[in-house]
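First the proteins, then the strands, lettered A, B, ... as listed; each starts at 1. FYI, side chains are in, hydrogens and waters are out, and symmetry mates aren't considered; it's all heavy atoms of this structure.
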2 protein chains.
Amino acid sequence: MLKTVLRFGLIILALLILFQLSNASLFLPAISADFIIGLGAVILIALGIYLGGNIKKDTIIEVEGPIEINATKIEELGLSEREMEVLQLISKGYSNVEIGEKLFISESTIKTHVSNLFVKLDVKRRTQAVTRAKELHIIA
Amino acid sequence: MLKTVLRFGLIILALLILFQLSNASLFLPAISADFIIGLGAVILIALGIYLGGNIKKDTIIEVEGPIEINATKIEELGLSEREMEVLQLISKGYSNVEIGEKLFISESTIKTHVSNLFVKLDVKRRTQAVTRAKELHIIA
DNA sequence: CGTATTTTGGTACTAAAGTATGAGGACATA
DNA sequence: TATGTCCTCATACTTTAGTACCAAAATACG
């Protein structure tokens, strides 16, 4: 919450600086207006990237303790978002039916996801899948 | 790769547009220069957020410190040695048959141990048992 | 030695998990 | 528009897992 306030504060601050620059450029003909505007653009994009990066980190990578999730590995294995959701619920000990209820989809679909998951993780049972996933640091 | 090119293209395009706007504003006094610059700023930040959100991060994997086993808890739950062995093998992803082979006892016996384990841990499935056992720090 | 606990094993059954296959819809991209 | 990927769901089947109940050895202990 406090971070959110800080971020929006940064955005407003950046806007204010840009507005000031637009005036300052009139009194500093020695410096090209184009240069200043370009500089402002770079700063704003950098700010945006910073904000975007943090937003992504907060929403996708939820971790407790010192263990972090290896997002690269997930891509390497070709695991989809839905598959990751299912994998996480499996690791928490839920049955296929329970997982279906939590995700509002049928048990059949869960079984499909689970089977695909096993192929991609190269395992044969859900308990193995959890062990393997933790080894690879793709779940907490 | 193609996406990367597209993104950098977008950045350059945005910069060009901004430069053009800085000129256009001189010929369009009806529209406030501040407004145009503000609009540009918003667009650039949005672009930055989009770009930042798509940058893949190689997250650092930090190793967890020494995990302590709570021997007291094991006693409290009344878990026998054999049950602990079975529990550990379950957590490694082995099937009942495989566990039986490793401990040189029949699958029937494993099932008995597993069922007793479930009662003592107050769970209904082996995946739950693993989750619970780790919560209680009775397995690594 | 007698008693309690653990470990072992079996049978019979139900429930859940997992496999194989096919297929339609959603959505982004070439 | 065509293509490919993901998500969805279903049917039919096989395999594990799990429950209930029982019982015989092995082991620990006062």
Side-chain angles (χ1 to χ4, degrees), chain A residues 60 71 74-133 138, chain B residues 1-10 50-51 53-54 56 71 74-133 138:
Chain A
I60 298 212
I74 295 174
E75 268 208 26
E76 277 178 21
L77 296 172
L79 300 178
S80 71
E81 273 189 48
R82 211 51 161 169
E83 286 165 353
M84 282 302 297
E85 288 184 274
V86 172
L87 180 56
Q88 266 149 6
L89 291 175
I90 287 178
S91 80
K92 288 181 182 171
Y94 294 111
S95 69
N96 289 336
V97 172
E98 286 170 341
I99 294 172
E101 287 169 356
K102 282 187 180 289
L103 299 182
F104 303 106
I105 54 182
S106 78
E107 189 197 356
S108 295
T109 307
I110 301 299
K111 284 189 175 184
T112 304
H113 287 317
V114 171
S115 282
N116 293 333
L117 222 30
F118 289 174
V119 173
K120 292 177 182 179
L121 290 175
D122 189 31
V123 296
K124 296 221 166 294
R125 281 176 294 280
R126 53 175 53 213
T127 44
Q128 260 184 5
V130 173
T131 305
R132 182 119 187 79
I138 60 178
Chain B
M1 179 54 72
L2 201 146
K3 282 183 181 175
T4 307
V5 175
L6 268 176
R7 281 169 199 159
F8 276 91
L10 274 177
Y50 166 72
L51 292 173
N54 282 288
K56 305 293 179 185
I74 295 175
E75 271 204 23
E76 277 178 21
L77 296 173
L79 300 179
S80 71
E81 272 189 48
R82 212 48 162 170
E83 285 165 353
M84 282 302 297
E85 288 184 274
V86 172
L87 180 57
Q88 265 149 6
L89 292 174
I90 286 177
S91 80
K92 288 181 181 170
Y94 294 110
S95 70
N96 288 336
V97 172
E98 286 170 341
I99 295 173
E101 286 168 356
K102 282 186 180 290
L103 300 182
F104 303 105
I105 53 182
S106 78
E107 188 197 353
S108 296
T109 308
I110 301 299
K111 285 189 175 184
T112 304
H113 287 316
V114 171
S115 281
N116 293 333
L117 222 30
F118 289 173
V119 173
K120 293 177 181 178
L121 290 175
D122 189 30
V123 296
K124 296 223 166 292
R125 281 177 294 280
R126 55 175 55 213
T127 44
Q128 260 183 5
V130 173
T131 305
R132 182 118 188 81
I138 59 177

Completion exercise
Testing D/dC9, C/dA17, D/dC7 for proximity to the side chain of A/H113, the answer is D/dC7
Exercise for the section: Say whether, by atom type as modelled, one donor and one acceptor occur between the side chain of B/S115 and the main chain of B/T112 under 3.5 angstrom. Expected result: no
Exercise for the section: Among the candidates C/dG9, C/dG18, D/dG18, find the nucleotide nearest to the side-chain atoms of B/R125. Expected result: D/dG18
Completion exercise
Regarding the side chain of A/S115, the nearest nucleotide among C/dT7, C/dG10, C/dT19 is C/dT19
Handout entry: Of the listed nucleotides C/dG18, C/dG10, D/dC9, the one nearest the side chain of A/V114
Key = C/dG18
Completion exercise
From CD of A/Q128 across to C1' of D/dA17 the rounded distance in Å is 15 Å
Exercise for the section: May I have the distance from A/N116 (atom CG) to C/dG18 (atom P), rounded to whole angstrom? Expected result: 13 Å
Fill in the blank from the handout: Taken to the nearest whole Å, CD1/B/I90 to C1'/D/dA17 is 10 Å
Exercise for the section: Just call it for A/S95: base, sugar-phosphate, or nothing, with non-hydrogen atoms closer than 4.0 Å on any strand. Expected result: sugar-phosphate
Problem - Options D/dC9, C/dT8, C/dG10, nucleotide nearest the side-chain atoms of B/R82 - result: C/dT8
Exercise for the section: Under 4.0 Å between any heavy atoms, over every strand shown, what does B/T109 touch: base, sugar-phosphate, or nothing? Just pick one. Expected result: base
Completion exercise
Assign each of B/T127 and B/S108 the nucleotide of DNA chain C bearing its closest heavy atom; nearer the 5' end lies the nucleotide of B/S108
Practice task
Take B/T112 and B/R126, find for each the nucleotide of DNA chain D with the closest heavy atom, and name the residue whose nucleotide sits nearer the 5' end.
Solution key: B/R126
Practice task
Starting at atom NZ of A/K124, determine the distance to atom C1' of D/dA17, rounded to an integer number of angstrom.
Solution key: 17 Å
Problem - Flag, side chain of A/Q128 to backbone of A/K124, donor-acceptor distance under 3.5 Å - result: yes
Exercise for the section: Write down the distance between NZ (B/K111) and C1' (C/dT7), rounded to a whole number of angstrom. Expected result: 18 Å
Practice task
Output the single nucleotide from D/dG18, C/dT8, D/dC7 whose closest atom is nearest the side chain of A/E81.
Solution key: D/dC7
Problem - Interatomic distance where CD1 belongs to B/I110 and P belongs to D/dG18 [whole Å] - result: 12 Å
Problem - Nearest to side-chain heavy atoms of A/I105, which nucleotide of D/dG18, C/dG9, D/dC9 - result: D/dC9
Practice task
Round to the nearest Å and state the distance from B/L89 atom CG to D/dA17 atom P.
Solution key: 13 Å
Fill in the blank from the handout: Tightest non-hydrogen contact, residues A/R82 and A/H113, listed as CG-NE2, 3.5 Å
Practice task
Ignoring the backbone of A/F118, work out which of C/dA17, C/dG9, C/dT19 is nearest its side chain.
Solution key: C/dT19
Fill in the blank from the handout: B/E107 atom CD is separated from C/dC13 atom C1', nearest whole Å, by 14 Å
Handout entry: Side-chain N,O (B/N96) to OP1/OP2 (D/dA17) below 4.0 Å
Key = yes
Practice task
Check step by step if salt bridge (Lys or Arg N to Asp or Glu O under 4.0 Å) holds for A/R125 and B/E98.
Solution key: CA-CA 12 Å; A/R125 281 176 294 280; B/E98 286 170 341; 2.7 Å; yes
Handout entry: Expected output: side-chain A/K111 to main-chain A/N96 donor-acceptor under 3.5 Å
Key = no
Exercise for the section: Could you tell me whether A/S80 contacts a base, only the sugar-phosphate backbone, or nothing, with contacts defined as non-hydrogen atoms closer than 4.0 Å? Expected result: sugar-phosphate
Practice task
Say whether, by atom type as modelled, one donor and one acceptor occur between the side chain of A/T127 and the main chain of B/Y94 under 3.5 angstrom.
Solution key: no
